[in-house]
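A, B, ... follow the sequence lines: proteins, then strands. Residue 1 opens every chain. Everything quoted here is computed from the prediction, not taken from an experiment.
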Amino acid sequence: MPELITLLSSLCLLLGAFLIFSGGLGVLRFPDFFTRMHAAGVTETMAVTLIVLGLMLHSGWGLPLFKLLLILLFVMITGPTASHALAKSALHGGLRPLGDDSNNERH
Amino acid sequence: MKHTVSVFLLLASFWLINSGYYKPLLLSFGLVSAIFVVYLTHRMDVVDHESHPLHLFNLKLPSYYLWLVGQLIVSNIDVVKRVWSGKGSISPCTAWLPLSQTSDIGRVIYANSITLTPGTVAMDLEDDRVYVHALSREGLDDLRAGEMDRRVSNLER
Amino acid sequence: MILTVVALALIVVMAMAIARAFLGPTIYDRILAVNLFGTKTVLLIAVVSYIAGRPDFLDVALIYALINFISVIAVLRFFEYGSSKVNDKVGKDA
């Protein structure tokens, strides 16, 4: 049983590291601000979940488990809020997304 | 009143989880801090059904979260694929989408769910519509199909 | 061993975020990059706390997550309703 948990934890951590790297690559590669935001979103949801899950499996039963859960909760709650605030203020700041076809609709 | 009690319980459990010392002195510090923060939130008048939506905690919520996690995994895989296959695979687009939620908290849950799934971000929110930026046309079409909208509206009732 | 790999991946991504913060081109790209850097720092602290075998560091990660979020929101408030000079510059860059 302990081997299985170690294996699962390693799997989660490696997959999380891969997703984090993909997100970072996306932030570097994508053409404009709004598309980069989506790439950053990958690292804020699934990658964080996988890495924290891997650490939780690694740490075993105890107080650190709850602290990791709290970290996950905070990141999951603050991530979309920060993304939305960024997108909204970029829009208000006059930044136009690529492929924006509803310009005339806005008021 | 039940909102105040729930805030107090939340703060107390937060203290217990983070402190890790269960001696009378430190526990009493925790009690005093929790009561002080509850008093402050009362003075600021921020504890109500909106900041603390207890009425949404029912049996529908876990099933919505489960569905959302499924959506998260699917859209994460999609975005990662697009990252690795380069600029040619993305087709960024924006649109105003209609909302069917009646309460503010329902609209916020919907907009937050849109933002939480990678590939779509809610950029502006009005009474009956939401301005969405999507990484690809497929993502926007999925959202336009209205599955998520329907599920969040179902959560409200 | 695996934890070290994850920590290295995190450091690489942090370097990427810094590169994006320097490249810009708009102020929002830079804020996005700093936000990304902050979330990765939280994870790095958590991972390092297990490498060092000291789970107490998790408290630091927790506080860092909160500070990171609040600082991003504060900076955004400043630029959203800040001086028109900043907005002009953003408009030109875009």
Side-chain angles (χ1 to χ4, degrees), chain A residues 6 9-14 16-29 32-34 36-37 39-40 43-44 47-48 51-52 54-55 58-59 62-68 70-75 77-79 81-83 85-97, chain C residues 1-3 5-10 12-17 19-20 23-29 31-33 35-36 38-40 42-43 45-47 49-50 55-59 61-62 64-66 68-70 72-73 75-77 79-82 86-94:
Chain A
T6 314
S9 144
S10 312
L11 208 67
C12 281
L13 285 170
L14 282 181
F18 170 71
L19 282 182
I20 288 257
F21 184 73
S22 305
L25 197 70
V27 169
L28 273 183
R29 269 176 104 176
D32 84 324
F33 164 72
F34 292 96
R36 278 173 208 141
M37 211 166 49
T43 68
E44 264 163 17
V48 172
I51 287 188
V52 172
L55 286 179
H58 182 88
S59 96
L63 214 52
L65 195 75
F66 291 102
K67 285 184 185 169
L68 283 170
L70 273 179
I71 292 177
L72 181 62
L73 213 63
F74 278 147
V75 173
I77 291 172
T78 58
T81 316
S83 285
L86 252 169
K88 190 166 183 175
S89 72
L91 209 62
H92 282 201
L95 203 63
R96 287 278 147 247
Chain C
M1 178 55 208
I2 300 237
L3 286 175
V5 173
V6 174
L8 279 176
L10 283 168
V12 168
V13 173
M14 282 158 88
M16 283 167 154
R20 178 44 75 194
L23 287 172
T26 67
I27 192 88
Y28 303 107
D29 287 293
I31 300 173
L32 179 73
N35 186 23
L36 192 65
T39 18
K40 299 301 95 69
V42 173
L43 285 180
I45 295 171
V47 171
S49 81
Y50 278 97
D56 337 345
F57 282 9
L58 288 176
D59 294 331
L62 204 61
Y64 201 96
L66 290 175
N68 179 45
F69 171 66
I70 290 170
V72 165
I73 295 296
V75 169
L76 280 176
R77 284 287 118 181
F79 281 111
E80 192 170 4
Y81 304 111
V86 173
N87 286 341
D88 285 345
K89 199 167 157 233
V90 168
K92 201 177 70 203
D93 281 345

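- We find the CG-CG distance between A:Leu55 and A:Leu65 to be 10.5 Å, quoted to the nearest 0.5 Å.
- Interface remark: A:Ile51 contributes side-chain atoms only to the contact with chain C (heavy atom separation under 4.5 Å).
- If you measure heavy-atom distances from C:Leu43 to chain A, the contacts under 4.5 Å come from the side chain alone.
- Both the backbone and the side chain of C:Leu32 come within contact range of chain A, with heavy atoms under 4.5 Å apart.
- Heavy-atom pairs under 4.5 Å with chain A were tallied for C:Asp29, C:Leu23, C:Asn68; the largest tally goes to C:Asp29.
- Partners of A:Val75 by side-chain contact (heavy atoms from CB on, under 4.5 Å), not counting sequence neighbours, listed by chain and number: A:Val48, A:Ile71, C:Thr39.
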**OP:** Go through the steps for A:Thr43 and C:Lys40 under the test side-chain contact (heavy atoms from CB on, under 4.5 Å), then give the verdict.
**Re:** CA-CA 9 Å; A:Thr43 68; C:Lys40 299 301 95 69; 3.1 Å; yes
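- Using a 4.5 Å cut-off between heavy atoms, A:Ser9 does not touch chain C at all.
- Your options are C:Ile31, C:Asp56, C:Val13, and the one with the most heavy-atom pairs under 4.5 Å with chain A is C:Val13.
- Contacts between A:Leu25 and chain C at a heavy-atom distance below 4.5 Å involve backbone atoms as well as side-chain atoms.
- The shortest non-hydrogen separation linking A:Gly16 to A:Ala47 is O-CB, 3.9 Å.
- For a residue to count as touching a neighbouring chain, one of its non-hydrogen atoms must lie under 4.5 Å from one of that chain's; by this rule A:Phe74 touches chain C with the side chain only.
- Per-residue heavy-atom pair counts under 4.5 Å with chain C were compared for A:Ile20, A:Leu68, A:Leu14, and the maximum is reached by A:Ile20.
- Distance check: A:Leu19 CG to A:Glu44 CD gives 13.5 Å after rounding to the nearest 0.5 Å.
- Among residues two or more places apart in sequence or in another chain, the side-chain contact (heavy atoms from CB on, under 4.5 Å) test is passed with A:Lys67 by B:Asn18, C:Leu58, C:Asp59.
- Classified by interplanar angle (parallel below 30°, tilted 30° to 60°, perpendicular above 60°), the ring pair A:His58/C:Tyr50 is perpendicular.
- In this structure, chain A has a heavy atom under 4.5 Å from the side chain of C:Leu66, while its backbone stays farther away.
- Residue C:Ala46 touches chain A through both its backbone and its side chain, counting heavy-atom pairs closer than 4.5 Å.
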